[in-house]
Amino acid sequence: MAATAILRRLLHSPSPKRSLRITNTRVNATLQRLLSSSSDQPTKKYVNTKVNFSLSDDDNDNDDNVSVNKIDKSKLPPPYDPFKKVVDEEPTDPRNLQEIFQKMRTEGLTNNAVKMFDALSKDGLTHEALQLFAQIKDKGHMPDVVAHTAVIEAYASAGQGKEALRVFMRMLASGVAPNAYTYAVLIKGLSAAADGNAKLLGDAQKYLMEMVGKGMRPNAGTYTAVFEAFVRAQKVDEARELLQQMKAKGFVPDEKAVREALIDKRGQGFRGVINILFGK
């Protein structure tokens, strides 16, 4: 998508006025506040490990008595590619919150912004995607929703649903409005952590209904996660009731998309979700 490419270029612009590696004081403060309680260990110093492998073109730099071995360029490391680093690099362990939060502090939230933009665009939420794009392009700063959502997603991926919800509530208290991607991250995190915890399952249901009530269209991965949690908890009747409440607000489940979301799932869980959503 052309807009995605433009957003990535903006986020990597060398111009001081357009540099978006979280130089914005307000977002820096937001991150610091959200992450202040997440680490009791001292932060590691950032060490520059770049090595200059280039040879000098000046013959005067070479001592006549010193022989210079010819360097095999095929053995040199690949050129540094900052774009690949931001887009492709993921934490080796999503439960290692120390590593994830340290990356946020040192490398900024560029990857999170691109990820949010891509997800909104993929789900057909063009208006929200363009709103995010406009804030970055026209105002020249990283939106606060990116910082809060990044921390929510870190806790959700680590299986800490309660902490994810706590950050979400702090986000609302700060006057920052969640977008569809924020809701999706929170709902899936709560659903995954809801095994044996009726409160978290109730929260997942609550925010799924809140999302639908606001006119936001949840993708199949989001609502399927909630119904999967109901099946695991053997609460089929409650799941059917939730489906009727959602349908009353205009929601219609997409069978093809649901099957794609459950492509790696088989057995009772798969059959239970399909039966609840489509009566099959």
Side-chain angles (χ1 to χ4, degrees), residues 34 38 94-95 97 100 116 119 123 145 148-173 176-255 257-280:
L34 290 174
S38 66
R95 294 181 179 271
L97 292 173
I100 294 171
M116 179 181 288
D123 289 341
V145 66
H148 286 84
T149 304
V151 180
I152 293 171
E153 187 165 19
Y155 279 121
S157 298
Q160 298 189 24
K162 289 182 180 179
E163 292 300 325
L165 181 58
R166 185 174 290 115
V167 176
F168 180 78
M169 299 307 295
R170 194 177 305 167
M171 173 184 182
L172 299 181
V176 180
N179 58 27
Y181 183 72
T182 309
Y183 273 110
V185 166
L186 175 67
I187 291 166
K188 287 189 284 189
L190 291 172
S191 300
D195 291 354
N197 191 323
K199 173 67 166 59
L200 290 183
L201 180 54
D203 287 331
Q205 176 180 349
K206 170 186 174 182
Y207 290 111
L208 179 61
M209 283 300 300
E210 183 175 300
M211 183 181 185
V212 173
K214 288 184 176 181
M216 297 180 182
R217 185 178 61 197
N219 59 32
T222 301
Y223 62 79
T224 298
V226 179
F227 286 100
E228 277 189 280
F230 273 111
V231 170
R232 291 195 303 270
Q234 299 181 353
K235 295 184 177 182
V236 176
D237 291 339
E238 290 90 334
R240 295 187 190 281
E241 183 180 347
L242 170 61
L243 178 61
Q244 293 308 311
Q245 292 173 2
M246 295 174 67
K247 284 184 174 181
K249 294 182 178 295
F251 169 79
V252 178
D254 183 332
E255 184 172 355
V258 169
R259 289 183 179 275
E260 289 178 356
L262 296 171
I263 193 168
D264 295 326
K265 309 288 180 65
R266 286 294 179 268
Q268 183 178 356
F270 174 86
R271 292 192 298 271
V273 172
I274 295 298
N275 179 262
I276 291 169
L277 292 177
F278 309 106
K280 296 182 178 180

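Residue numbers start at 1 and run along the sequence shown. Remember, predicted model here, so these are calculated numbers, not experimental data. Worth knowing before you read on, the calculation uses all heavy atoms, side chains too, and leaves out hydrogens, waters and symmetry mates.
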CE (M216) and OG1 (T222) are apart, to the nearest 0.5 Å, by 12.0 Å

What heavy-atom pair brings G159 and A193 nearest, and what distance separates the two atoms?
O-CB, 4.0 Å

Over all atoms of both residues, closest heavy-atom pair of V185 and E153:
CG1-CA, 3.4 Å

So, taking the atom named CZ in R271 and the one named CG in L262, what distance separates them when rounded to the nearest 0.5 Å?
12.5 Å

With rounding to the nearest 0.5 angstrom, report the CZ to CD1 distance, R166 to I152.
12.5 Å

Step-by-step side-chain contact (heavy atoms from CB on, under 4.5 Å) determination, V273 to K265
CA-CA 10 Å; V273 172; K265 309 288 180 65; over 6 Å; no

Decide if atom CD of E210 counts as having more than 12 heavy atoms of other residues, nucleotides or ligands within a radius under 6.0 Å.
yes

Just distance, no hydrogens or angles: give the donor-acceptor pairs under 3.5 Å from side chains in residues 241-249, sequence neighbours left out.
none

Inter- and intrachain pairs under ring pair (Phe, Tyr, Trp, His ring centres under 6.0 Å), touching residues 187-244, at least two apart
F168-Y207, Y223-F251

Looking only at heavy atoms, which two atoms of R240 and I276 are closest? And how far apart?
NH1-CA, 3.7 Å

Heavy-atom pair with the smallest gap, counting every atom of P178 and K214
CG-NZ, 4.5 Å

Once you round to the nearest 0.5 Å, how far does OG1 of T224 lie from CZ of F270?
10.5 Å

When every non-hydrogen atom of S191 is compared with those of A225, the smallest separation belongs to CB-O, 3.5 Å

Check step by step if side-chain contact (heavy atoms from CB on, under 4.5 Å) holds for V151 and M171.
CA-CA 10 Å; V151 180; M171 173 184 182; over 6 Å; no

Between I274 and R259, is the side-chain contact (heavy atoms from CB on, under 4.5 Å) condition met? List the steps.
CA-CA 8 Å; I274 295 298; R259 289 183 179 275; 3.9 Å; yes

L200 vs K162, test: side-chain contact (heavy atoms from CB on, under 4.5 Å). Steps then yes/no.
CA-CA 8 Å; L200 290 183; K162 289 182 180 179; 4.1 Å; yes

Listing request: all side-chain hydrogen bond (donor to acceptor under 3.5 Å, both in side chains) pairs with a residue in residues 230-239, at least two apart in sequence or in separate chains.
D195-R232

Let me confirm one number: the OH-CG distance from Y183 to N219, rounded to the nearest 0.5 Å.
15.0 Å

To the nearest 0.5 Å, what is the distance between NZ (K206) and CD1 (I187)?
11.5 Å

For V145 and T149, the nearest pair of non-hydrogen atoms, with its separation, is O-OG1, 2.7 Å

